[in-house]
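Step one of this worksheet: look at the structure below.
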Amino acid sequence: MCRHLAYLGPPVTLRSLLFDPPYGLLRQSWAPRDMRGGGTINADGFGVGWYPDGADPVRYRRAQPMWSDTTLPELAAVTSAGAVLAAVRSATVGMPLHETAAAPFAEGRWLFSHNGVVRGWPDRLVPLAAGLPVRDLLTLDVPTDSAVLWALVRHRLRAGAALGDAVADTVAAVAAAAPGSRLNLLLTDGVTVAATVAGHALSVRRGPGSVLLASEPFDDDPGWQAVPDGRLVLATAAGLEFRELAPTGAGSSTDGREDT
């Protein structure tokens, strides 16, 4: 499995999200606390994407462990943003170890990350991938389950789906095609974050005009709230909304919606 986070709110330095917290992504790259049987470390690459002054996002990705990169700490100390998505990678056995395999994946305003695994890869995804434009398949960043998930999500976004519907519908379709998959997805356009909790952990923490979503809390602040499995989270700097994910088929249900 991987670890990822998303932040929306007043501009903060990348260092304050990645390096300063006692259990931040740097520490999670070598000592995660909640991998749930998905590996022991996250040393197969990392990436961070941020939105400078309202522009389209900028990404910094590497195929090496986060702790071994000597440039990122300096960059993170002087880079501030009000919207950030970052991840560290633990590659599934047999998956390529390339920079392009590290989240976040991107197009236009969108940044995307996947924490989990698609069971029965690649055969189980063949029917779903067959519905994608051939050009999308030929231009995948890398032949991994996460890259195909991004292509499926992106295809829905291009067709006009809202962020929450794009990730929820993709999770439902993949869960039906590949039962037992772990499908924690993060998607943002710099204003809203849509996240799914399907087979792995996610926690959220509200602050004054800000919100953090992370695979595991990166400090001991009591404000962290664990999101139950089978949920879609829609987050803005102003609030949170939780919906139940549909276990199979298309679409998401708003039954049992909670607003906080």
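- Under the 3.5 Å distance criterion, with hydrogens and angles disregarded, no donor-acceptor pair is assigned to the side chains of Asp189 and Tyr51.
- With respect to Arg62 and Asp44, no salt bridge is recorded, no charged nitrogen being found less than 4.0 Å from a carboxylate O.
- Counting heavy-atom neighbours within 6.0 Å of Arg154 CZ, excluding the residue itself, gives a total above 12.
- You'll find the side chain of Thr236 stays beyond 4.5 Å of the side chain of Val211, heavy atoms only.
- Thr188 pairs by the side-chain hydrogen bond (donor to acceptor under 3.5 Å, both in side chains) definition with nothing, not counting sequence neighbours.
- Minimum heavy-atom separation, His114 to Ser146: ND1-OG, 2.8 Å.
- Between Leu18 and Ala86 the shortest heavy-atom distance is CD2-CB, 3.8 Å.
- The aromatic rings of Trp150 and Trp110 sit perpendicular, their planes meeting at an angle over 60°, well past the 30° parallel limit.
- Heavy-atom minimum distance, Pro65 versus Ser68: O-OG, 2.9 Å.
- Aromatic rings from Trp224 and Phe218 are positioned such that their centres are separated by under 6.0 Å.
- Residues Arg156 and Asp165 are not paired through a salt bridge, judged by the lack of any N-O separation under 4.0 Å between the basic side chain and the carboxylate.
- Within 6.0 Å of the CD atom in Glu107, the count of heavy atoms belonging to other residues, nucleotides or ligands exceeds 12.
- Annotation: Arg15, atom CZ; neighbour count of heavy atoms from other residues, nucleotides and ligands within 6.0 Å does not exceed 12.
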